[in-house]
Amino acid sequence: MRIFRETSGFVLSIALTASASPQSAVAQDTKEVPNEVRTFNLANTLDTNDFNDVQTALRQVLPRARLYALPTEKKIVFSGSPGEIAAAQKLITELDQPKKLYRVTYTITDLDSGKRIGTQHFALILVAGGKTDLKQGSRVPVATGSFDTDNAMHPTNTQVQYLDVGLEIEARLEGAEDGVKLSSKIIQSSVAEEHSSVGLQDPVIRQTALEGSTSLTPGKPLILGSIDIPGSTRHQDVDVVAELVK
């Protein structure tokens with residue numbers, strides 16, 4: 001637009017330039033960037049808790065993005081802008097780190113009246129944050145009930161349940177700043193010679209358990225405690241050592 005004005009014989013010309021409307025500027029600034037879809041594989045996530053931690057971190061850090069989790073396949077399908085995908089990739093790389101692997105060896109020494117009569121070693125491979133169980137012994141049948149049948153050869157059918165008897169070790173290991181934290185549960189059980197007063201077929205199971213948590217320095221053994229063998233003069237000393245495998 002041009003405006004003319006006459007002043008003292010002179011013509012003053014003022015030019016006005018139209019600017020873009022505010023609505024068009026806002027529309028240009030808020031133009032959406034198309035989303036991309038990327039599937040991330042969590043190679044080092046071992047259990048559901050670790051997988052959920054990664055999901056939670058992605059949702060908290062990138063709330064505008066969308067993701068779909070596949071826990072059984074350890075995959076996360078992520079939808080977001082290129083910048084959000086790059087941020088998700090960086091975050092997953094930081095969280096999905098390989099876990100340290102340890103060999104945990106329990107040494108059980110049998111003693112009778114203070115004299116050593118035998119030693120057993122049980123080595124378990126544990127990943128930091130993982131759990132491993134070991135069982136050694138027998139399965140003892142216990143009658144839990146019976147019912148009549150129409151079979152003349154076997155008029156009564158007895159229901160049986162089996163109990164694990166022997167040695168059982170449950171171990172869980174967590175990483176720590178100055179070593180590792182080991183949680184152990186050691187159960188020693190045996191069948192007593194006497195019978196139960198409930199019925200002649202019901203055995204009496206003697207059991208001793210040692211349970212607790214302790215901090216270990218890799219490569220240095222530690223005594224966990226002693227277990228008395230029920231019905232005998234024997235007892236067992238238990239020590240453990242953790243060694244870094246990789």
If you look only at distance, which donor and acceptor atoms sit under 3.5 Å apart when one is on a side chain in residues 83-98 and the other is two or more places apart or in another chain?
residue: Glu84; atom: OE1; partner: Ser81; partner atom: N; Å: 2.9
residue: Glu84; atom: OE1; partner: Ser81; partner atom: OG; Å: 3.4
residue: Gln89; atom: NE2; partner: Thr93; partner atom: OG1; Å: 3.3
residue: Thr93; atom: OG1; partner: Gln89; partner atom: O; Å: 2.8
residue: Asp96; atom: OD1; partner: Asn44; partner atom: N; Å: 3.0
residue: Asp96; atom: OD1; partner: Thr45; partner atom: N; Å: 3.1
residue: Asp96; atom: OD1; partner: Thr45; partner atom: OG1; Å: 3.1
residue: Asp96; atom: OD2; partner: Ala43; partner atom: N; Å: 2.9
residue: Asp96; atom: OD2; partner: Asn44; partner atom: N; Å: 3.4
residue: Gln97; atom: NE2; partner: Thr93; partner atom: O; Å: 2.6

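- Atom CG of Leu163 has more than 12 heavy atoms from other residues, nucleotides or ligands within 6.0 Å.
- Between atom OH of residue Tyr68 and atom NZ of residue Lys75 there is a gap of 12.5 Å, rounded to the nearest 0.5 Å.
- Closest approach of Ser226 to Asp237, counting heavy atoms only: OG-OD1, 2.6 Å.
- Inter-residue side-chain proximity for Glu168 and Asp133 is flagged as unmet; no heavy-atom pair is nearer than 4.5 Å.
- For the residue pair Pro218 and Leu216, the shortest heavy atom distance occurs at CD-O, 3.7 Å.
- Residues Glu174 and Gly129 approach most closely at OE1-CA, 3.6 Å, considering heavy atoms.
- Atom CD of Glu243 is separated from atom CG of Leu101 by 12.0 Å, given to the nearest 0.5 angstrom.
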### Message
Before you tell me yes or no, could you show the steps for Ile76 and Leu42 under side-chain contact (heavy atoms from CB on, under 4.5 Å), namely the whole-Å CA-CA distance, both residues' side-chain angles and the distance that decides it to 0.1 Å?
### Response
CA-CA 8 Å; Ile76 292 178; Leu42 277 64; 4.2 Å; yes
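- A 6.0 Å sphere centred on NZ of Lys74 holds more than 12 heavy atoms belonging to other residues, nucleotides or ligands.
- Closest approach of Lys99 to Ala128, counting heavy atoms only: CD-O, 3.3 Å.
- With a 4.5 Å cut-off on side-chain heavy atoms, Arg234 and Ile117 count as touching.
- Two residues are said to be in side-chain contact when any heavy atoms from C-beta on lie closer than 4.5 Å; Phe78 and Leu62 meet this criterion.
- No chain of hydrophobic side-chain contacts below 4.5 Å, direct or via other Ile, Leu, Val, Met, Phe, Trp or Tyr residues, connects Val54 to Val127.
- The side-chain heavy atoms of Val104 and Val240, taken from C-beta on, include a pair separated by under 4.5 Å.
- Under a hydrophobic clustering in which Ile, Leu, Val, Met, Phe, Trp and Tyr are joined whenever their side-chain heavy atoms come within less than 4.5 Å, directly or via other members, Leu134 and Tyr106 fall into the same cluster.
- Nearest heavy atoms, Val165 versus Ser190: CG1-CA, 3.5 Å.
- Residues passing the side-chain hydrogen bond (donor to acceptor under 3.5 Å, both in side chains) test with Arg103, sequence neighbours excluded: none.
- When side chains are defined from C-beta on, Thr214 counts as touching Leu224, because their heavy atoms get closer than 4.5 Å.
- Using a 4.5 Å cut-off on side-chain heavy atoms (C-beta onward), Leu167 and Ile108 make contact.
- The two residues Ala171 and Leu124 make their nearest non-hydrogen contact at CB-CD1, 4.0 Å.
- Looking at Ser189, its side chain never comes within 3.5 Å of a backbone N or O of Arg206 through a donor-acceptor pair.
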### Task
Evaluate the criterion side-chain contact (heavy atoms from CB on, under 4.5 Å) for residue pair Phe40 and Leu67; output intermediate values, then yes/no.
CA-CA 10 Å; Phe40 296 104; Leu67 61 92; over 6 Å; no
